[in-house]
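The structure under discussion appears below in the form of structure tokens.
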Number of protein chains: 2
Amino acid sequence: MPKISDKQRESRRQQILEAALACFAEDGFHQTGMADIVKRSGLSHGAVYLYFQSKDDLIEALADDRHRREAVLNSVAQGSGDPIEGLHALVRVYAQWLTDPAGEARRRVGIHGWAEALRNRRVRSSVVEGIDMPRALIVALVERGQHDGLIRQGPGAEAIARMLIAIFQGFVLQKSWGEDFDVATCVAAVDDVIDGLRTTKSDVKRRTRT
Amino acid sequence: MPKISDKQRESRRQQILEAALACFAEDGFHQTGMADIVKRSGLSHGAVYLYFQSKDDLIEALADDRHRREAVLNSVAQGSGDPIEGLHALVRVYAQWLTDPAGEARRRVGIHGWAEALRNRRVRSSVVEGIDMPRALIVALVERGQHDGLIRQGPGAEAIARMLIAIFQGFVLQKSWGEDFDVATCVAAVDDVIDGLRTTKSDVKRRTRT
DNA sequence: ATAAAATGACTGACTGATCGTTTTTTATTT
DNA sequence: AAATAAAAAACGATCAGTCAGTCATTTTAT
């Protein structure tokens, strides 16, 4: 009985999602009106509500970014080699995502999502789960490296993972604020830090801080 | 002619600012209504508008956090010793600010400010200027260390500064989302990274990444 | 094959509620 | 009494969301 094909229906859905993404990227979730999304999508109010129950429904649909997680997963598929190399590969994936001009809207919406995560439980779950996967990945890499004697024992794997993730979160912020932020050199500094995790000949006692 | 003393007037102002801070920390700038701030402050609508011209006025007043900048400035006052020690001191300041339970509201408002900075020019200026000072401080420390041969030449001072700042931005996010985020161990990892900047005996050629 | 009936896709004017702000009224102080 | 702080009431604008109705297509009946 459907009057339009599933293809068309999914296309309409994407049409609305893209309009919402652009609007949210520009003005944030709460400063964007449904009228803005409606106008940008080229549809009508009623039509939008045929595809999404509410504005919050749209927000939740955009707060979760599955594409990036899959990209991260692909990068781990080749992760049976040197753990340090694995970390570099991961950095490369995020660096590329950070540079892609087409991803600017997603990065901006992501930042709005970070703020929204403070007060919206569903959004927070999406955000936290979004960083849980790369975190577990880094922890696994570092622990393997430490077990094999390739990575120094000093800092905990969990702490290193959170630090690396924090770096890219901060990079997204700084880049999106439009300062002259040179992704290449900053990423190079991260690569340098990762190389610094390698076991050195003279890794006897490293100072521990309180 | 004076109706109430300047002390009282400033006290009322702070009373409103504190109410606004608490509200903004809970629900963000745009989901907080003036009615919420009015109720929380214990005053009336009209009274609030005697002290602040508009809601945006309140937002801008809270987006800028001078207290932290001053704390950073104090930490640099003792910055004539070892550059690496200087970086550790800076980390200590931010770690303490990150741990302070009384600062949770400010951290949350700060995150909302990061998102707001994407669309509000004034807020963005506040935020960017807020990180410009510690950035310049780190750059100066690193450059001095590199000049004196205490810090490796590999990564640029600017990149290191942005990375360290990014780390704490990410830490604020992860901690505020309420995951079990252990500040102490994560900060220890940062200290470890900083120690890794030190010149080693075998710092001949470090690999450079594209 | 063709017309009538039915249904899905979509429209846009409209709703009540809430928004930030202004104006009016009351209370307090000098 | 003169002035001003504070409270109360009310403003127009805007919000997310709705719903009676239109249009186009498909199904059914002849």
Side-chain angles (χ1 to χ4, degrees), chain A residues 1-24 26-63 109 112 115-116 119-120 122-123, chain B residues 1-24 26-63 109 112 115-116 119-120 122-123:
Chain A
M1 324 268 174
K3 292 275 200 272
I4 58 174
S5 69
D6 287 352
K7 273 263 161 65
Q8 282 175 316
R9 193 174 167 79
E10 181 57 27
S11 170
R12 278 257 185 277
R13 215 185 115 93
Q14 283 301 322
Q15 183 178 349
I16 296 170
L17 276 177
E18 283 171 21
L21 181 80
C23 291
F24 288 156
E26 269 184 21
D27 267 352
F29 298 124
H30 303 297
Q31 285 297 101
T32 294
M34 286 302 279
D36 300 321
I37 300 174
V38 164
K39 186 178 291 181
R40 191 145 197 162
S41 70
L43 298 176
S44 65
H45 280 81
V48 170
Y49 278 94
L50 283 178
Y51 291 87
F52 295 92
Q53 285 191 1
S54 66
K55 187 184 177 183
D56 280 325
D57 205 22
L58 270 169
I59 293 177
E60 289 168 20
L62 285 172
V109 170
H112 287 295
E116 183 66 12
R119 52 177 298 276
N120 184 325
R122 313 270 287 271
V123 171
Chain B
M1 310 269 181
K3 26 294 164 188
I4 58 176
S5 71
D6 287 353
K7 275 265 162 64
Q8 281 176 316
R9 193 173 167 82
E10 182 56 28
S11 170
R12 280 257 186 276
R13 216 186 113 94
Q14 283 301 324
Q15 183 178 348
I16 296 169
L17 276 177
E18 284 171 22
L21 181 79
C23 290
F24 288 156
E26 268 183 23
D27 268 351
F29 299 123
H30 303 297
Q31 286 297 101
T32 295
M34 287 301 281
D36 300 320
I37 300 174
V38 165
K39 187 178 291 182
R40 191 145 196 164
S41 70
L43 297 176
S44 64
H45 289 252
V48 169
Y49 277 92
L50 281 179
Y51 292 87
F52 294 93
Q53 286 190 2
S54 66
K55 186 185 179 183
D56 281 325
D57 205 22
L58 270 168
I59 293 176
E60 289 169 19
L62 285 172
V109 170
H112 287 295
E116 184 66 11
R119 51 175 299 276
N120 185 323
R122 313 269 287 270
V123 172

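Numbered from 1 within each chain, the chains take letters A, B, ... in sequence-line order. Values reported hereafter were calculated over all heavy atoms of this structure, with side chains retained and with hydrogens, waters and symmetry mates removed. Values in this document were obtained by computation on a predicted structure and should not be read as measured data.
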* Asked: If you look at every strand shown and take non-hydrogen atoms under 4.0 Å, does B:G46 touch a base, only sugar-phosphate, or nothing?
  -> base
* To do: For residues A:H112 and A:F24, determine if any side-chain heavy atom of one lies less than 4.5 Å from a side-chain heavy atom of the other.
  => no
* Asked: Does B:D36 reach the main-chain N or O of B:T32 with its side chain, forming a donor-acceptor pair under 3.5 Å?
  -> no
* Asked: So, is A:Y51 close to the C:dC10 phosphate, meaning a side-chain N or O under 4.0 Å from OP1 or OP2?
  -> yes
* Under the salt bridge (Lys or Arg N to Asp or Glu O under 4.0 Å) criterion, do A:E10 and A:K7 qualify, and how do the steps go? -> CA-CA 5 Å; A:E10 181 57 27; A:K7 273 263 161 65; over 6 Å; no
* Reckon B:R12 has a side-chain N or O less than 4.0 Å from the OP1 or OP2 of D:dA6? -> yes
* To do: Would you indicate what B:S41 reaches in the nucleic acid, counting non-hydrogen atoms under 4.0 angstrom: base, sugar-phosphate, or nothing?
  => nothing
* Atom-pair distance (CD on B:Q8; C1' on C:dT30), nearest Å -> 13 Å
* Residue whose closest nucleotide on DNA chain D lies nearer the 5' end, B:G42 versus A:T32 -> B:G42
* Separation of D:dC15 P from B:K55 NZ (nearest whole Å) -> 13 Å
* To do: Could you tell me whether a side-chain N or O of A:K55 sits under 3.5 Å from a main-chain N or O of A:F29, the two making a donor and an acceptor?
  => yes
* Short side-chain N/O contact to C:dT23 OP1/OP2 from B:Y49, under 4.0 Å -> no
* Would you mind reading off the distance between B:M34 atom CE and D:dT14 atom P, rounded to a whole angstrom? => 18 Å
* To the nearest Å, give me how far apart CG (A:D57) and C1' (D:dG17) are. => 13 Å
* Do other residues, nucleotides or ligands put more than 12 heavy atoms under 6.0 Å from the CZ atom of A:R122? -> no
* Starting from C1' on D:dA7, measure out to CD1 on B:I37 and report it in whole angstrom. => 18 Å
* Starting from P on D:dT18, measure out to CZ on A:F52 and report it in whole angstrom. => 16 Å
* To do: Measure the distance from NE2 on B:H45 to P on D:dA10 and round it to the nearest whole Å.
  => 13 Å
* To do: For A:D56 and for B:L43, find the nucleotide of DNA chain D with the closest heavy atom, then tell me which residue's nucleotide is more 5'.
  => B:L43
* Structure fact -> Whole-Å distance, A:R13 CZ to C:dA9 P, equals 15 Å
